[in-house]
Structures are given as structure tokens and as C-alpha cells.
Amino acid sequence: MVRIGGLLVVALAPFALAEAHTARSVQYHETRQTIPRRYSFTGAAPANHNLKLRFALKQSDPDGLIDALYDVSDPDSPKYGQHLSKSEVEKFVAPKPEAMAAVTSWLLQHNLSGTPLSPAGDWVGFELPVGQANDLFSANFSAFVDTSTGTEVVRTLAYALPAELQGHVDFVHPTVSFADPTATKSSTVVATRGNTAAANASVPAACINGTTPACLQSIYNIPSTPAVNKDNQLGVTGRQGGVAGYTFLETFLETLRPDIDPTTNFTVIGIDGGSNNQSLPSISEGNLDIQYTIGVATGVPVVYIFVGSQWQDGPEYQGWLDQANYLLSQENPPHVMTTSWGAYEETEFSQPVTERICQAYAQLGARGVSFLVASLDEGVGCSPANMTNFEATFPSNCPYVTSVGGTDQYDPEIAWFASSGGFTNYFPIPKYQQEVVSTWLAKYGSQNAGRYNASGRGFPDISALAVKYLVYEGFWLELAGTSAASPVIASMIALVNDRLRSVGKPPLGWLNPLLYSKKGIAALTDVVAGNSSITCTEDDVTPRGFDAVPGWDPVTGLGVPSFDSFLALAGL
Ligand SMILES: *[C@@H]1O[C@H](CO)[C@@H](O)[C@H](O)[C@H]1NC(C)=O
Ligand SMILES: *[C@@H]1O[C@H](CO)[C@@H](O)[C@H](O)[C@H]1NC(C)=O
Ligand SMILES: *[C@@H]1O[C@H](CO)[C@@H](O)[C@H](O)[C@H]1NC(C)=O
Ligand SMILES: *[C@@H]1O[C@H](CO)[C@@H](O)[C@H](O)[C@H]1NC(C)=O
Ligand SMILES: *[C@@H]1O[C@H](CO)[C@@H](O)[C@H](O)[C@H]1NC(C)=O
Ligand SMILES: *[C@@H]1O[C@H](CO)[C@@H](O)[C@H](O)[C@H]1NC(C)=O
Ligand SMILES: *[C@@H]1O[C@H](CO)[C@@H](O)[C@H](O)[C@H]1NC(C)=O
Ligand SMILES: *[C@@H]1O[C@H](CO)[C@@H](O)[C@H](O)[C@H]1NC(C)=O
Ligand SMILES: *[C@@H]1O[C@H](CO)[C@@H](O)[C@H](O)[C@H]1NC(C)=O
């Protein structure tokens, strides 16, 4: 169940606040004891500095949304596949009329004008000067500078919610959260360390030159016949730096998909000023993601949803919420999304912020969207706090996405050394994975015990080949990363959805309850060898990691699919 909302902290002012408030106790809604290391306090913010804040309004029935999500996604449910419409989802998450009324009248009373920032109206933005914000929220908005980039932000270390808003507003943003605007990274790596394909592991003939669309078609039995439904879109997340070259795609297709039209193209949707501007500098992520969706999901219309850096949701959300709100605003969003970008969970995203984005993915799931994400390439993750604990990644920590890990070698596949996996501190274990994760904990949980949260959601959910991908960007590169695995699984799901649509059936939607069902587990090929193994510090003699073992594990999840196994799961 998603818990929304900041902690209600009752405390005496733990640090200096405006004079007027020091003498009496203030019931703070959220507080922060320390400033993150990266930031330093530079002084009071000018009283007339204009602040752009937003209320996260209490939603009508967030638990009802999750129940509805399970109802339409659990293959044993009578409502399986009966996805909700945009307006049906919005009924769960729209604020109650009394919450809306309380906020509207409070804004009016203070001569502020509110703007809805999400399709359901559960986010409302408003602007006001620092002086007024300090008065209204018993806050001390001050200037802080990010010492690594020189970027200045205005934040407060505590704030109270006006009495009229209590029970109607979950939190005010941005207030006590500080983030690293450079936190979101792509997960492609050029290095292929650990690609120690044991001399005697067999390499299928189609993979002799590396991993190509034909190789993937061969090992996963993916058809090369084109999809037929033009309204069955596959969405790919683009972000700053992820420009995908049009001419590169053409050469890639000419060389590696000679059986299809090399001018097969994709459409671009820009959010937050993003565009697939061919003259901007680029890293390989965009080319990889586009070449391995168009090159694998034959005939499926691909839309590149490119998030720029003019984030409306600010550095704490880094456009993630803007993208989710864009998808939620569409009557017909792509039914499959793949995202090869992410970040460490606790270092960069506060819990309430993470919960809100994750809940947006739950809304998309209820509408029949499969949201696939690369688990990232950090192995168990090294907690920046002390390099001892492991750290989960976002968005894989969200129970309502399908997290894709990586494998190495062709036949049989073994765990890829950098496949991110582990357990989140932010979300309790969801019911669909309780059984397999308990089994893993009972048998293997003592390895690295204490370094991870044994009550958190475990990830990844499934995996696919992550090594030796041939990508063209003016020259040929061999890339590795879960960044490659997620587009491949997404392409397979999109091709299955195409066939479902042709027989008048709904798309697969949120995959996890199906994947973790008995038939789902049976349909996947378990990965039982290899491990994740990364070093956290230079003194690390022994790499840290988990092993791929029989059953679910926090390296490769439930295992690797084949197209036939997905077809069978879809009842085709
Ligand atoms: C506001 O917060 C800053 C940083 O914590 C502190 O130095 C300053 O004294 C505070 N101002 C007031 C008026 O309490
Ligand atoms: C309310 O806001 C408007 C425009 O923002 C301003 O002209 C007006 O003086 C304000 N009224 C009060 C009572 O603050
Ligand atoms: C390679 O083959 C040898 C001999 O058949 C076998 O003992 C060994 O386990 C194999 N290694 C791997 C990594 O499969
Ligand atoms: C491997 O590359 C060679 C040289 O470009 C090419 O002739 C051959 O067809 C390729 N094989 C496969 C299976 O891609
Ligand atoms: C694909 O679309 C882009 C943007 O519209 C265009 O610049 C490019 O030439 C197209 N590529 C092909 C092969 O038609
Ligand atoms: C693309 O980027 C270049 C280089 O920064 C810039 O000059 C140009 O205006 C951009 N084009 C568009 C359409 O944004
Ligand atoms: C490492 O940091 C985590 C998170 O702050 C903390 O829970 C844990 O106790 C620390 N472990 C050690 C050995 O310092
Ligand atoms: C571990 O996960 C549980 C369940 O989500 C959570 O309640 C707890 O706070 C987490 N522990 C830490 C140290 O974050
Ligand atoms: C992890 O896997 C590598 C090969 O990929 C192997 O050399 C190493 O011994 C394994 N580590 C453990 C702890 O099993």
C-alpha cells in the first residue's frame, strides 16, 4: 500500500526559526535536522524573492487505487485485464471536494492563485514571496548553495501546515527537500568487464558478432514479422544527453535489420523543453534505447518521450513527475514504457517524493500500461553514507514498475556482474513477491545480512541479456548495461500487446502479479549462476554482491523470458 504524506512531527523548534516562533512550540509538518553535505547555507532569502510552491493534496482514495490496480492485474482476479479509464483512475486520486474547497479558500483568503499541476488536480501550484511564505507556514526560507555546481536554492528546514489545511494537504513542496540535480543517470556502460563468457559456454550462431536484433530474435524466439496495430505504441524515456541519431538508426537498420525498411522512424514528444536535437552532445543511451526498440519491436510505433532540463517539478523530481503527469494526461498513453535512467533512492529522493512518483506509475498500471525500468548498473549499490550498507535504485524500488536486471553469456545466461538488485528502504514488500522473497531470505538471506533491508521490496523482477550490444553512432560500439535489457523486454511486451489487440484483448498492463504467479514463474527461465560483484571503495579486496540462485534472487529476479513464454502467459 502506498503511504502518502510527510511525517507529522511535533517538536520544539530544533533550530533557529523566525523570532515570532521561537517562544512557543510549533507543530511542524516536516522538518530536516541537517543540510545535505553538498549544500551550504548562504543567508536569509530576500523577503520579496518569489517562491514557486506546490501542494500535494490528500487524494480521495489512494488505497482504493492500489486495490483496483491489483484487481485488473492479478491473473486470478475476475476483473483481470479490465483496465480503468483515465477518469476512473482520477476518481481515486482526485482530492475530495472538501480538500479542494479548503485549499481554494485558503489560497483566496491569502490572495494567492492556484494552478492545477496534474490531470486529477492532486497537485496545485502557487507563487508567493518568501516573507509571506515564512508567515503562513511558520518557516524560515533561506538561501543554500550547491557547492559542486554553484546552483542556489531557497529552502526551509521546517514548516507547519496552517490549521485549515491539515488533513487536506499531504505536504508542501519544495520545502525541506534538497536534491542533486545531476543524480539521474543513464545506465549504459561501455566496459564489458565480467563478460567472461567461459570458454566453453556456447554462443549461438546468430550471436557470433555480438548481441544484435537477430541474436535476440534467435535466443528469445522474438518474431521478425511486423506488428500490425498502429495505435499500439511503445514509449521510450529520453533525457538530457540521450539524443538518438536519425542517421545512426538508419545505418543500424540497414546493417542489422536488412529485412525491414531502413527509414523506419520514431516520433518525439518533448517535455520540460526536451527535444531530440541532433546538434546537442550525446551519450550512447539514446542510440541504444532507440536502436533496440525499433530494431526488436518490428513494426511497433515507437515514441521517444524526451524530458529536458526545464523541470516544472524542480530539482527534487528532476522531471520524473512531469513525465508521469504527461502520460497521465493522455487519453491513450503508450501501453508499454521503457526507462533506462535512474538514481540511488535515499541519496537523492526523499520518501514522500518517491512515493508520489511511484503512485503515478500505479495509476498508469491501472490504465493498462506496462512500465519497465532498467535496474541500473550498480550491483548491490554502495550507500554513500558509509560505503557499508547497500542502496536500492529508483525507479526500480517502486513496486508498481517492472524492474529489469541483466545477464551475461548466451547459453546458458548467467548473472551480469553489475546488474543492480537488492531491497528498498522506502516500500514494504508487496504481496505478489512475498512468497518467493521469503524463500530467498530463508535460504540465502544471511549473505550480506544487515547491509540490506529484509522487509523492503526486492528487485529486479526479471532480466535479459545485458552484454555485447552492437550500437551504431557514427562507428560501431559494443555496449553493456541493464539499459539494453529493459528495451528488449519492453519490445517483447509490445509485440505481445499487438497480437492481443488483433484478437480484441486488452494489453498486458502492470506485469508483476502475472510474472510472480505460478504460471509466470514456470514460464521464465531461472538464472542460477553468476553473481553481482562490485567494489565500493578502493580498499575493497572482495567485491560485494549477491549470487544468482535457483528461484528469485536480487540479481536477476525471476529469470529470463522467451517470446513464447510471454505469449503463453497472455493466453495466446
Ligand atoms: C534561518 O535559518 C538559518 C539556517 O539554519 C539560520 O542561520 C538563521 O538564523 C535562521 N533565521 C532566523 C530568523 O531564525
Ligand atoms: C492581491 O493581488 C493582486 C495582484 O496579485 C494585487 O494587485 C492586490 O493588491 C492584492 N491584494 C491584497 C489585499 O493583497
Ligand atoms: C566448462 O566445461 C568443463 C568440462 O566440461 C566443466 O567442468 C566446467 O564446469 C565448464 N565451465 C562452465 C563455466 O560452464
Ligand atoms: C558477422 O559479421 C560478418 C562480417 O561483417 C558478417 O559477414 C556475418 O554475416 C555476421 N554474422 C552474423 C551472424 O551476424
Ligand atoms: C526521422 O524523423 C526525423 C524528425 O522528423 C527526420 O529529421 C529524419 O530525417 C527522419 N528519418 C528518416 C530516415 O526519414
Ligand atoms: C539545437 O541545439 C543547437 C545547439 O545548442 C541550437 O543552436 C538550436 O537552436 C537547437 N534547435 C532546436 C530546434 O532547439
Ligand atoms: C551505514 O549507514 C546506514 C544508513 O545511514 C546505517 O543504517 C548503518 O547503521 C551504517 N552502518 C555502519 C556500519 O556504519
Ligand atoms: C526497511 O523497510 C521497512 C518497510 O518498508 C521500513 O518500514 C523501514 O523503515 C526500513 N528501514 C530503514 C532503515 O529504512
Ligand atoms: C562471482 O562470479 C565471478 C564470475 O563471474 C567469479 O569469478 C566469482 O568467484 C564469483 N564470486 C563469488 C563470491 O561467488
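When a ligand or atom number is given, it counts from 1 through the structure's own listing order. For this chain, numbers begin at 1 and follow the sequence in order.
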Taking the cut-offs as 6.0 angstrom to the six-membered ring centre and 45 degrees off its axis, would you call R356 and W123 a cation-pi pair? yes

Taking heavy atoms and a distance under 4.0 Å, where does N425 meet ligand 8: side chain, backbone, both or neither? both

Numbering the atoms of ligand 4 from 1, which are under 4.0 Å from a heavy atom of A205? 13 (C)

Would you give the length of the straight line joining atom CG of L376 to atom OG of S340, rounded to the nearest 0.5 angstrom? 9.0 Å

Students often mix this up, so state it plainly: with edges at 30° and 60°, are the rings of F390 and F546 parallel, tilted or perpendicular? perpendicular

Is the CD atom of E254 crowded by more than 12 outside heavy atoms at less than 6.0 Å? yes

Basic-acidic side-chain contact under 4.0 Å: R451, E391: no

Within the 4.5 Å heavy-atom criterion, are W440 and D553 side-chain neighbours or not? yes

Heavy-atom protein neighbour under 4.0 angstrom from atom 7 (O) of ligand 4: no

Looking only at distance, does N453 have an N or O less than 3.5 Å from an N or O of ligand 8? yes

For atom 14 (O) of ligand 9, the option (of D408, N531, I414) bearing the nearest heavy atom: N531

What protein heavy atom sits nearest atom 12 (C) of ligand 4, and how far away is it? N209 ND2, 3.3 Å

Just distances here: any N/O of G456 and N/O of ligand 8 closer than 3.5 Å? no

Numbering the atoms of ligand 8 from 1, which are under 4.0 Å from a heavy atom of F427? 5 (O)

